Amino acid sequence: MILHGYWRSGTSYRTRIALNLKGVEYRQAALDLRTGAQKSDAYLRLNPQGLVPALETGDGLVLTQSPAILEWLEETHPEPPLLPRDAAGRAQVRAMAAVIGCDIHPLNNLRVLKAVRGLGADQAGVDAWAGQWIIDGFTALEALVVRHGEGWCFGGAPTLADCYLMPQLYSARRFNVDLAAFPRLLEIEARAEAHPAFIAALPENQPDAD
């Protein structure tokens with residue numbers, strides 16, 4: 001498999017975590033988002049949207065959009081599971097992931113922040129913009145982890161929700177968000193910092209990292 005992504009992209013990061021947790025071998029094809037490499041003709045033939053990640057599965061299939069990639073991984077590589085066995089549990093994990101994937105991350109990704117800067121915001125303004133949505137989402141997620149977590153976001157093993165959480169915590173620090181109000185999320189992060197699949201996915205451990 002070939003994962004087309006960028007070392008600091010949250011969507012690429014969450015996909016790396018899931019691939020690593022599943023024990024799936026892949027190689028990486030780096031796209032520097034800062035230079036617009038994701039808009040090259042060659043990459044647009046793979047992913048017409050010009051976003052990362054894209055996953056070439058090796059059998060002619062090209063998958064885009066990280067939620068679809070992670071769901072495909074769960075269906076085609078079911079062990080270890082990243083979703084609970086019961087329908088209610090699966091819905092809860094998907095909801096926790098969506099807090100980040102739908103309500104936080106899209107508002108602090110590169111193209112949105114460029115638009116915010118284009119409206120005249122300086123770095124402090126960008127940080128305030130991103131921080132507002134991160135704090136709102138993390139407040140809800142902290143409460144959900146208190147309700148459902150047993151060491152991880154849901155239960156006692158990593159799920160899709162943890163794949164989403166680690167990149168968003170990384171991003172929060174880039175925007176100087178104070179995370180002291182989210183002790184359960186930080187406890188999960190500390191556990192992930194000792195887990196080989198999460199360590200291997202860290203942005204600084206990628207071949208294209210600065």
Side-chain angles (χ1 to χ4, degrees), residues 6-18 20-21 66-67 70 82-84 88-117 119-206 209:
Y6 175 60
W7 65 284
R8 208 164 59 182
S9 154
T11 52
S12 300
Y13 186 177
R14 71 176 69 135
T15 304
R16 293 193 301 266
I17 295 171
N20 295 345
L21 287 168
S66 62
L70 269 58
L82 297 182
L83 286 170
R90 291 197 299 273
Q92 293 289 355
V93 169
R94 287 181 172 120
M96 296 169 90
V99 169
I100 294 170
C102 297
D103 297 328
I104 301 177
H105 177 264
L107 293 166
N108 61 215
N109 68 16
L110 179 63
R111 59 181 179 165
V112 170
L113 296 184
K114 283 184 176 179
V116 172
R117 289 188 178 94
L119 294 173
D122 58 10
Q123 188 58 51
V126 168
D127 288 355
W129 165 270
Q132 173 184 349
W133 311 116
I134 292 169
I135 290 170
D136 283 356
F138 276 3
T139 299
L141 193 58
E142 179 83 5
L144 290 170
V145 170
V146 169
R147 189 178 302 170
H148 299 294
E150 297 174 10
W152 296 91
C153 283
F154 185 98
T159 66
L160 290 184
D162 303 287
C163 296
Y164 279 74
L165 175 60
M166 292 308 112
Q168 196 59 62
L169 286 167
Y170 175 86
S171 180
R173 290 191 173 89
R174 289 181 57 212
F175 297 117
N176 300 304
V177 175
D178 184 354
L179 298 173
F182 312 112
R184 295 296 292 271
L185 303 188
L186 294 177
E187 288 174 9
I188 295 167
E189 182 183 44
R191 188 164 285 105
E193 287 174 344
H195 193 299
F198 288 87
I199 294 169
L202 285 168
E204 59 265 30
N205 291 337
Q206 305 318 302

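Note that the structure is predicted; figures quoted are calculated from it, not measured.
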Show which side-chain atoms of residues 91-106 pair as donor or acceptor with protein atoms under 3.5 Å away, not counting sequence neighbours.
from: Q92; atom 1: OE1; to: H148; atom 2: NE2; distance (Å): 3.3
from: R94; atom 1: NE; to: E71; atom 2: OE2; distance (Å): 2.9
from: R94; atom 1: NH2; to: E71; atom 2: OE1; distance (Å): 3.2

For a quick test of your reading: what N or O donor-acceptor pairs under 3.5 Å do the side chains of residues 176-200 make, sequence neighbours left out?
from: N176; atom 1: ND2; to: D127; atom 2: OD2; distance (Å): 2.9
from: D178; atom 1: OD1; to: A180; atom 2: N; distance (Å): 3.0
from: E189; atom 1: OE1; to: R173; atom 2: NH1; distance (Å): 3.4
from: E189; atom 1: OE1; to: R173; atom 2: NH2; distance (Å): 2.9
from: E189; atom 1: OE2; to: R173; atom 2: NH1; distance (Å): 2.6
from: R191; atom 1: NH1; to: G151; atom 2: O; distance (Å): 2.5
from: H195; atom 1: ND1; to: A197; atom 2: N; distance (Å): 3.1

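Counting heavy atoms from C-beta on, the side chains of F138 and L165 come closer than 4.5 Å. Using a 4.5 Å heavy-atom cutoff, the side chains of W129 and V126 are not in contact.
The structure places CG of L160 at 12.0 Å from CZ of F154, a figure rounded to the nearest 0.5 Å. In this structure, N108 CG and S171 OG are separated by 4.5 Å, a value rounded to the nearest 0.5 Å. The CZ atom of R147 lies 14.0 Å from the SG atom of C153; values are rounded to the nearest 0.5 Å. Rounded to the nearest 0.5 angstrom, Q168 CD and R14 CZ are separated by 8.0 Å. E204 contributes atom CD, which lies 6.0 Å from atom OH of Y170 (distance to the nearest 0.5 angstrom). Atom-to-atom distance recorded for L169:CG and R174:CZ is 13.5 Å, nearest 0.5 angstrom.
The side-chain hydrogen bond (donor to acceptor under 3.5 Å, both in side chains) search around R117 returns Q123, not counting sequence neighbours. By the ring-ring contact (aromatic ring centres under 6.0 Å, His included) test, W7 is found to be paired with no residue, residues two or more places apart in sequence or in another chain being considered. Qualifying side-chain hydrogen bond (donor to acceptor under 3.5 Å, both in side chains) partners for T15, counting only residues two or more places apart in sequence or in other chains: none. Taking the side-chain hydrogen bond (donor to acceptor under 3.5 Å, both in side chains) definition, one finds that Y13 meets it with nothing, sequence neighbours left out.
Applying the salt bridge (Lys or Arg N to Asp or Glu O under 4.0 Å) definition to pairs two or more places apart or across chains, none involves residues 150-159. The side-chain hydrogen bond (donor to acceptor under 3.5 Å, both in side chains) analysis of residues 152-165, with sequence neighbours excluded, yields the pairs T159-D162.
Summarising the geometry of L21 relative to C163, their closest heavy-atom pair is CD1-SG, 3.9 Å, with the distance given to 0.1 Å.
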